[in-house]
Amino acid sequence: MSEENESTPAEDIGELLKVRREKLEKLRELGIDPFGKGFDTTDTPGNLRENFEEEKQVRIAGRITALRDMGKSNFLDISDLNGRIQIFVNQKQIGEENWAVYKQLDIGDWIGIEGETFTTKVGEPSVKANVVTMLSKSLRPMPDKFHGVVDPQIKYRQRYLDLIANERSREVFQKRCAMVAEIRRYLGEKGFLEVETPMLQDVPGGAAAQPFETRHNALSMDMYLRIAPELYLKRLLVGGFDKVFELNRSFRNEGISRRHNPEFTMLEAYWAYADFEQMADMVEDMVCHLAEKYCGGLLIEHKNAEGEVTKTINLSRPWKRTPYKDLVAEAAGADWWDLDAAGRQARCKELGVEISPDMEDYEVSQQVFEKLVEEKSIDPIFVTHVSKELVPLAKQNTRDDSVVDVYELIINGAEISPGYSELNDPDVQRERLEHQAGEEIQKIDEDFLLALEYGMPPAGGIGIGIDRLVMMLTGAESIRDVVLFPQLKRKEG
RNA sequence: GAACCGGUAGCUCAAUUGAAAGAGCAGCGAACUUUUAAUUCGCAGGUUGCAGGUUCAAGUCCUCGCCCGGUUCACCA
């Protein structure tokens, strides 16, 4: 840890911290444990306020988030994740002994309240305290009560402060939890089994990304954190698990950005005997279900800091499905696919699409797609029948073998989900992987190819980037706002 | 990895051309028995991210400086 005394109390602490330490000592002198024991509650702050009834004896606990001192009468707000309730503390009511304890409290402390509900003159649902119980002392000042935490470094490094101070953050993360639980329920109801496959892998496959390297000492073996679970889930198809999914972390050792965290949450699901069209149907249904349940409908509004709507995503069904080639031709000219490689490069210059001279021909088209189609697609669109070079694990189309039977779901200018008719011919799979491995130094997962030789049923498969899905549904502009503890650089060193 | 922007009190932010570092909240003291960002009076709070340099004087100017963050780009099936 850091060499600084920042978190060691003995020396070099500011006035604010000293004052709280003194209150801590004072509590001990009064015979009170400042880090107390359990406290039985009859209700929670948010629920009590929402379903308020007068003249009820209650016991509630929470963190002090506001304190309005009127002398002999004080008003506190105590809060939990879901709301707040006002506490009325009167010197006479709680008695001198308890008042002495009460006077050592600060905003940020955890307390328990025993008392009776009533409504104040101005109509605020409140609890008149009979006994104030110290549950836990906070030794550091809370963030600004009005502005909350703004500094991104504090938000991300000390997420607990963000959660305490910013209601919006609390909402986003609670929504994320609910959505993830709902996805599990949705798939479970359809008969999918949730499985767990290795995150520590010998050969990292299922995607083309840089893996994190690590080592198993007892086995004397270099290993990798998985970049995708795909190849293991397909082994389960071979084994007869005909509907499986995994919803968990994968790891990619690449750039960090607004849309990339080195560890991210991905859903992959495989459905034997289905194809990519059925998978698209299911994803469309599932995402709409989430939006209706947690976002109040199919119109998703993204707002800026001032609360103004900056973008509206319309998830109304049915979602558009258009072949990749049509979309590129629409953006780059109807004759795009009749041009030769040089002609396409020239067209890119005219269109202002940046390309590098060493790009393969299909990469030039892909660049046009990314810049002129993907980034401009806000409402959902399933881009189907992508060039086969882009997707080595999907089945080729029977009529046009230059494309594969896949969709790429684009929403809000970003890839949300790919879906394939999975390639199950072991010989073709080997050829496609070797062709790809030739360009980029990538090991072939021989055990996976062996499994395919035993026979994998035809199947549809999907991947969904959960972080990006949550961003889209909650209007978060950065993946860091939907990941509780995003990766940052070590602060000192 | 590259470019641009940012880092000032615990938090949120000011500081003109280089000229005495300031406010609100939080804190401490005082008044107030129904307040809602309570109010009023007073007090305290700073190595201006770090390290050098220029200057009589630097938060401000300088360093293919260093650290951390943000955005964009690159990378990312």
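Side chains are part of it too, since the values below use all heavy atoms of this structure and drop only hydrogens, waters and symmetry mates. All of these numbers come straight from a predicted model, not from anything done at the bench.
If you check residues 73-81 of chain A against RNA chain B, the residues with a heavy atom closer than 4.0 Å are A:S73, A:F75, listed by number. Across residues 92-103 of chain A, A:K92 each have a non-hydrogen atom less than 4.0 Å from an atom of RNA chain B (numbered order).
Residues forming a side chain to side chain donor-acceptor pair (under 3.5 Å) with A:D151 (at least two apart in sequence, or on another chain): none. In this view, A:R63 satisfies the side chain to side chain donor-acceptor pair (under 3.5 Å) rule with no residue, not counting sequence neighbours. Scored by the side chain to side chain donor-acceptor pair (under 3.5 Å) test, A:N74 finds A:Y102 as partners (sequence neighbours excluded).
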Give the table of side-chain donor-acceptor pairs shorter than 3.5 Å for residues 103-112 of chain A, with sequence neighbours excluded, one pair per line with atom names and distance.
from, atom 1, to, atom 2, distance (Å)
A:D106, OD1, A:K23, NZ, 2.5
A:D106, OD2, A:K23, NZ, 3.4
A:D106, OD2, A:K137, NZ, 2.8
A:D109, OD1, A:S138, N, 2.8
A:D109, OD2, A:D106, N, 2.9
A:D109, OD2, A:K137, NZ, 2.7

List the atom pairs, with distances to 0.1 Å, where a side-chain N or O of residues 384-391 of chain A and a protein N or O form a donor-acceptor pair under 3.5 Å, not counting sequence neighbours.
from, atom 1, to, atom 2, distance (Å)
A:H385, NE2, A:N397, ND2, 3.4
A:H385, NE2, A:D405, OD1, 3.3

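For residues 414-426 of chain A, the set of pairs meeting the salt bridge (Lys or Arg N to Asp or Glu O under 4.0 Å) definition, not counting sequence neighbours, comprises A:K234-A:E422. Residue pairs meeting the salt bridge (Lys or Arg N to Asp or Glu O under 4.0 Å) criterion with at least one partner in residues 84-97 of chain A, sequence neighbours excluded, are A:D77-A:R84, A:R84-A:E124.
Remark: the separation of the C1' atoms in B:U60 and B:G53 is 15 Å, to the nearest Å. Going from the C1' atom of B:A57 to that of B:U39 covers 43 Å, rounded to whole Å. B:U17 and B:C62 are spaced 15 Å apart, taking the P atom of each and rounding to whole Å. B:G59 and B:U47: their C1' atoms are spaced 13 Å apart (whole Å). Taking atom P on both nucleotides, B:C61 is separated from B:U48 by 16 Å, rounded to a whole Å. For B:G7 and B:C50, the P atoms lie 13 Å apart once the distance is rounded to whole Å. Taking the P atoms as reference points, B:G46 lies 14 Å from B:A21, given to the whole Å. For the C1' atom pair drawn from B:G45 and B:A23, the interatomic distance equals 13 Å after rounding to whole Å.
Going from atom CG of A:L17 over to atom C1' of B:G45 covers 12 Å, rounded to whole Å. Rounded to whole Å, atom P of B:U34 lies 5 Å from atom CE of A:M70. Counting to the nearest Å, the P atom of B:G49 and the CD atom of A:Q153 are 13 Å from each other. Rounded to whole angstrom, the span from the NE2 atom of A:H147 across to the C1' atom of B:A9 amounts to 16 Å. The CZ atom of A:R140 sits 20 Å away from the P atom of B:G45 (whole-angstrom rounding). One interatomic measurement links the two molecules: CD of A:E124 to P of B:A38, which rounds to 12 Å at whole-angstrom precision. As rounded to whole Å, 14 Å separates atom P of B:C11 from atom CG of A:D162. Atom CZ in A:R490 sits about 17 Å away from atom C1' in B:G69, given to the nearest Å.
Between A:R68 and B:A38 there is a side-chain N or O to OP1 or OP2 distance below 4.0 Å.
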Mind listing the N/O atom pairs, protein and nucleotides 25-28 of chain B, below 3.5 Å?
from, atom 1, to, atom 2, distance (Å)
B:C25, O3', A:K145, NZ, 3.3
B:A26, OP1, A:K145, NZ, 2.7
B:C28, OP1, A:K23, NZ, 2.4

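Side chain of A:T117 to main chain of A:E53: a donor-acceptor pair is present (N/O by atom type, distance under 3.5 Å, no hydrogens or angles).
Atom CD of A:E230 and atom OG1 of A:T197 lie 11.0 Å apart (nearest 0.5 Å). With rounding to the nearest 0.5 Å, the separation of NZ in A:K443 from CG in A:D202 is 5.0 Å. Atom OG in A:S169 sits 6.0 Å away from atom CZ in A:R159 (nearest 0.5 Å).
With pairs defined as Watson-Crick or G-U wobble and both atom distances under 3.5 Å, the stems of at least three pairs that touch RNA chain B come out as B:1-7 with B:67-73, B:10-13 with B:22-25, B:27-31 with B:39-43, B:51-53 with B:61-63.
Projected onto RNA chain B by closest heavy-atom contact, A:L393 and A:N90 fall at different nucleotides, the more 5' of which corresponds to A:N90. Of the two residues near RNA chain B, A:G148 and A:K121, the one whose nearest nucleotide lies more 5' is A:G148.
Closest approach to the A:R157 side chain among B:U34, B:C68, B:U35 is made by B:C68 (side chain taken as heavy atoms from C-beta onward). The nucleotide whose nearest atom lies closest to any side-chain atom of A:R84 is, among B:G69, B:U35, B:U36, B:U36. With B:U35, B:U34, B:U33 as the choices, the nucleotide that has an atom nearest any side-chain atom of A:K72 turns out to be B:U33.
With salt bridges taken as basic N to acidic carboxylate O contacts below 4.0 Å, one links A:E25 and A:R28.
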- Tell me, for nucleotides 70-75 of chain B in 5' to 3' order, what letter each nucleotide earns: B for a base near a protein heavy atom under 4.0 Å, S for only sugar-phosphate near one, - for neither? SSS-SB

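A cation-pi geometry, defined here as NZ or CZ lying under 6.0 Å from the six-membered ring centre and within 45° of its normal, holds between A:R235 and A:Y232.
With hydrogens and angles left out, the side chain of A:Q86 and the base of B:U35 share a donor-acceptor pair within 3.5 Å.
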- Message: Evaluate A:E375 against A:K371 for salt bridge (charged side-chain N to carboxylate O under 4.0 Å, His left out), listing each step before the verdict.
- Response: CA-CA 6 Å; A:E375 289 179 10; A:K371 299 298 169 194; 3.4 Å; yes

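Taking a 6.0 Å sphere around CD of A:E54, one finds it holds more than 12 heavy atoms contributed by other residues, nucleotides or ligands. Atom CD of A:E477 has 12 or fewer neighbouring heavy atoms from other residues, nucleotides or ligands inside a 6.0 Å radius.
For the pair A:F369 and A:V328, the tightest heavy-atom approach, listed with the atom from each and the gap, is CB-CG2, 4.0 Å.
The residue A:V150 sits close only to the backbone: its heavy atoms come under 4.0 Å of sugar-phosphate atoms, none of a base. No engagement by A:F264 is indicated, since no non-hydrogen atom pair under 4.0 Å with the nucleic acid exists.
A:F88 and A:F75 have their aromatic ring centers within a separation under 6.0 angstrom.
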